[in-house]
Amino acid sequence: MAGLRIVAAIGLTLAVLALLGTDVTHMVAGAMAAMVSTFAIREKNLRGQAITLAWGFPVALAAVILGALLHSRVVAGDLFFIALIFGAVYFRRFGDRGTALGLMGFQVYFVSLFVNATPDQLPVLAGTLAVAFVCSAVARFALVPETPQRVLDRLRGAFRARLAQLVTAQTRLLDAAPEDLDDVLNDLRHHTSRLHETALMIQGRLEDGTSDAATASLIQRRVADAEISAERLGMLLLNARSSERADTLTLHLPHAPAPAMGKLLRQEDEATATLRRDLGALHLMVTRPADANRGTAVSQIRNRLLGYRDEERMPPGATLAVQDVFRGIGEAARAVMGLRIALDGPQDESDDSPATTRSREELEAEDMSITGTVALTSTEKGSEEGGAEEEADRSGLDRPTTRAAFQVAVGSGLAIVGGEFLSSQRWYWAVLTCWVVFLNTASTGEIVIKGYRRVLGTVLGVLAGVLLAGAVGNHTWLAFVLVLLCVFAAFFTAPLSYALMSFFVTAMLGLLYTLLNTYSFDVLVLRIEETALGAACGIIAAVLVLPVRTDRRTDELLATVLERLGDVVAGAVEQLSGGPAADLLDRARDLDTALDDLRASTKPLTHAIAPQRERRQTVRYLVALLETSAYHARSLAATAELVPYSKHVAADPRLGRAARRIAHNIDVLLAQVNDEDTTGTVESGASIAAMLETDGLGVPAANTVTFRVLRHLQRLDEGISGLARPLGVSVGQRT
């Protein structure tokens with residue numbers, strides 16, 4: 001959608017400028033200004049977008065005026081450019097609007113350098129900017145509108161599609177031959193991860209995309225239920241195929257070998273055939289439109305799957321592991337029905353079976369509880385947000401934006417000097433590269449990887465630019481059409497690969513140089529040289545000026561993940577033990593967000609060019625353990641929120657004592673990561689269930705909700721203890 005919006009803004013700008021008889025040079029300037037004024041804005045609500053766009057025009061106009069006036073004053077122009085770069089990065093501290101205005105100021109000043117703006121061109125350039133900003137507004141608010149509600153609607157559809165893809169991957173696991181199992185398992189991991197990403201995106205849009213907090217909490221709850229039940233179903237299927245119990249870590253550790261498999265499930269086996277049929281039925285429940293859910297056939301499918309929750313109609317001859325899978329299908333069907341009700345409203349109840357009626361009653365009881373929980377926790381959330389804002393207001397060089405501003409200013413200064421030696425006309429390409437390698441990066445390692453990808457994409461883009469420029473020749477409008485295609489491709493591929501985005505941007509520049517009649521192969525080679533120089537200057541500045549080592553960055557984020565993991569587990573166990581209700585899913589969302597940040601920060605350590613292979617494997621293992629622990633923590637949180645309202649989940653005071661070891665081990669790991677106390681020991685020993693047996697009250701029966709809680713606690717205990725080895729913490733036995 002961002003690519004379409006930008007292409008619409010550029011296309012409309014070119015059409016208006018062509019009707020006004022503008023020359024090609026100013027059409028290029030207008031197209032670049034329209035692109036910048038469209039992609040720079042990141043605010044979610046329409047009012048905020050309109051205000052930022054309105055402020056952006058005077059900022060852009062001031063930038064182009066100063067660029068033209070300083071055109072012949074080399075030293076003054078360079079000093080101003082460095083100051084502008086410093087300010088553009090520093091203003092990120094003011095949020096999305098500060099980031100957008102700084103980006104517009106820098107990029108429009110760059111446009112003035114690109115088209116060699118002079119004072120006599122200012123009236124035409126000012127008019128061109130006005131046309132570009134108006135066309136950007138038309139594209140944003142009329143042609144390709146983006147509202148929080150529209151984005152949330154698209155994400156809902158994406159979540160259903162991802163859920164259906166995951167069910168399809170799980171079905172493939174049933175019949176996978178041993179030699180194909182690793183590929184099938186990798187596919188299962190991929191779709192599980194994609195479903196989780198989509199759930200996080202939905203949670204990030206709920207506050208702005210829904211009418212009230214209760215609705216947002218309801219959708220958040222149903223999305224979390226669907227994600228947890230789907231991931232659990234994959235784990236149960238893997239267990240059914242394994243000759244020994246599979247570890248949850250298997251679903252989160254990339255390229256981990258498949259567990260030892262038992263016999264291949266046979267097509268003629270009645271239980272397996274029924275299982276395959278019911279996975280197909282679950283897929284149908286997920287993908288079928290809400291208005292097509294009426295009718296006896298669909299109702300029978302839903303009733304049959306929900307019946308497995310009460311162990312109705314279990315296929316004869318099914319092993320215990322396969323019976324677990326059927327129960328997992330029943331839980332997934334219940335989650336899908338809850339998601340349908342939350343997103344699409346009440347459903348047809350005329351053909352409900354007793355099992356379906358019970359599931360509906362549970363969902364209605366949970367829905368009624370959400371309003372009370374939201375009201376109860378609103379005050380707590382407000383105080384937490386105040387603390388976060390106070391933390392963000394740190395002063396001096398401790399603030400990331402201030403540090404990055406000094407780094408990019410020094411790097412840009414080096415790039416200007418070095419770029420002038422390469423070319424007195426196009427030195428600004430080095431500055432642009434130095435600028436972009438600092439965007440959305442927070443450590444030296446991230447800057448190195450981004451610089452490498454920028455250079456790689458540029459080299460390949462030069463080759464494509466040569467071919468495109470030769471094919472276009474003197475056909476101006478064909479060149480503009482190809483420019484639009486490259487722009488769309490650049491923004492479409494940006495979230496997937498920065499190297500691909502750089503490839504399309506460089507190919508587009510070859511076309512722009514053709515339009516400006518300044519194209520030559522030497523110009524594109526110079527582009528490579530300036531890009532490599534800019535990346536090198538950025539890396540040098542990141543290493544020498546207020547550096548943030550990748551290890552330091554990952555340690556900070558790891559500590560945050562451990563703290564939030566401890567908060568979720570403590571809150572869930574307290575509520576499961578009979579404590580007061582709390583908004584646990586919000587805490588789980590904070591944990592997922594922190595884990596997502598940690599995963600992104602470790603990419604330099606796990607990248608193919610990272611020199612230490614053993615370290616790459618250790619980092620992947622550590623992140624996989626944390627993802628596994630986060631899954632079990634989410635499951636505990638979702639179960640704990642049911643305690644006050646469910647007939648199937650009862651509080652058990654013993655769980656508080658059983659979870660003390662987990663809390664202790666998290667504290668020990670935190671002390672190690674923060675270098676506060678490196679002498680602590682992670683405790684291990686008897687299982688959680690065995691610890692409860694010592695109370696003389698016995699362990700809950702298998703297949704009960706309480707037993708599932710114990711299993712999640714056990715996996716959490718194992719996962720947190722497993723973090724001791726990669727973090728260098730000693731492990732001791734406790735009886």
Side-chain angles (χ1 to χ4, degrees), residues 42-44 92 95-96 99 148 151-152 155 158-159 162 192-210 213 216-217 219-228 231 252 374 377 380-392 400-401 440-443 446 495 553-572 582-603 619 622-638 641 666 669-670 673 716 719-720 723:
R42 288 287 183 266
E43 287 167 291
K44 296 176 182 177
R92 293 180 197 170
D96 289 337
T99 301
V151 174
L152 185 57
L155 287 174
F159 184 81
R162 292 294 189 195
T192 301
S193 174
R194 288 291 181 265
L195 182 69
H196 180 59
E197 289 176 7
T198 312
L200 282 179
M201 293 173 72
I202 289 176
Q203 291 171 355
R205 293 282 183 169
L206 283 175
E207 183 177 350
D208 296 305
T210 52
S217 295
I219 295 176
Q220 179 184 3
R221 168 78 205 190
R222 297 302 169 225
V223 167
D225 282 347
E227 180 195 355
I228 291 168
E231 186 167 353
H252 296 101
V374 169
T377 57
E380 297 175 5
K381 290 175 68 176
S383 63
E384 290 173 2
E385 289 172 359
E389 290 175 1
E390 183 179 349
E391 177 67 17
T401 51
N440 300 319
T441 54
S443 69
E446 292 178 37
R553 170 71 175 166
T554 54
D555 283 349
E556 291 175 352
L557 293 175
L558 175 58
T560 301
V561 171
L562 290 172
E563 288 172 357
R564 293 184 178 176
L565 178 62
D567 288 341
V568 175
V569 175
D583 196 346
L584 298 176
L585 287 181
D586 265 358
R587 298 188 193 180
R589 183 178 70 174
D590 292 340
L591 168 61
D592 288 333
T593 302
L595 185 54
D596 197 46
D597 291 339
L598 174 64
R599 190 186 302 108
S601 74
T602 60
K603 287 182 179 178
V619 171
L622 186 145
V623 172
L625 276 175
L626 289 170
E627 288 177 341
T628 300
S629 299
Y631 159 69
H632 291 295
R634 284 197 303 273
S635 300
L636 282 175
E641 288 202 336
I666 290 178
L669 296 175
L670 261 174
V673 172
L716 260 172
I720 292 168
L723 292 169

Non-hydrogen atoms of Ala199 and Val223 that approach each other most closely:
CB-CG1, 3.8 Å
Does any non-hydrogen side-chain atom of His196 lie less than 4.5 Å from one of Thr192?
no
Pairs satisfying salt bridge (charged side-chain N to carboxylate O under 4.0 Å, His left out), at least one member in residues 554-566, at least two apart
Arg552-Glu556
So how far is it from Leu622 CG to Glu627 CD, rounded to the nearest 0.5 Å?
10.5 Å
First locate atom CG of Leu636, then atom OG of Ser629, and finally report the distance between them rounded to the nearest 0.5 Å.
11.0 Å
Leu723 versus Leu562: any side-chain heavy-atom pair under 4.5 Å?
yes
Spacing of CG belonging to Leu200 relative to CG belonging to Leu195, to within rounding of 0.5 Å
10.0 Å
From Phe159 atom CZ to Met201 atom CE, the distance as rounded to the nearest 0.5 Å
12.5 Å
Could you tell me whether Asp592 and Arg589 make a salt bridge, using a distance below 4.0 angstrom between a side-chain N and a carboxylate O?
no
Over all heavy atoms of both residues, which pair between Ala559 and Leu670 is shortest? Give the atoms and the distance, please.
O-CD2, 3.4 Å
Hey, is Glu231 close enough to Arg634 for a salt bridge, meaning N to O under 4.0 Å?
yes
Scanning both residues in full, the closest heavy-atom pair of Thr628 with His252 reads OG1-ND1, 3.1 Å
Here the pair of heavy atoms bringing Ile228 nearest to Ala638 is CD1-CB, 3.7 Å
How far does CZ of Arg42 sit from CG of Asp96, to the nearest 0.5 angstrom?
9.0 Å
A side-chain contact here means heavy atoms from C-beta on lying under 4.5 Å apart; do Glu446 and Lys603 qualify?
no
Rounded to the nearest 0.5 Å, what separates atom CZ in Arg205 from atom CD1 in Ile219?
14.5 Å
Heavy-atom check, side chain of Leu558 versus side chain of Leu626, under 4.5 Å
yes
Is Arg599 salt-bridged to Asp596, cutoff N-O under 4.0 Å?
yes
Please walk me through it: do Leu152 and Thr210 pass side chain to side chain contact (heavy atoms under 4.5 Å, CB included)?
CA-CA 8 Å; Leu152 185 57; Thr210 52; 3.7 Å; yes
Quick check: do Leu557 and Leu595 have side-chain heavy atoms less than 4.5 Å from each other?
no
Any side-chain heavy-atom pair of Leu565 and Ile720 under 4.5 Å:
yes
Heavy-atom pair with the smallest gap, counting every atom of Leu584 and Gly571:
CD2-C, 3.6 Å
Side-chain (Gln220) to main-chain (Leu585) donor-acceptor, under 3.5 angstrom:
yes
Smallest separation among heavy atoms of Ala633 and Val568, with atom names
O-CG1, 3.7 Å
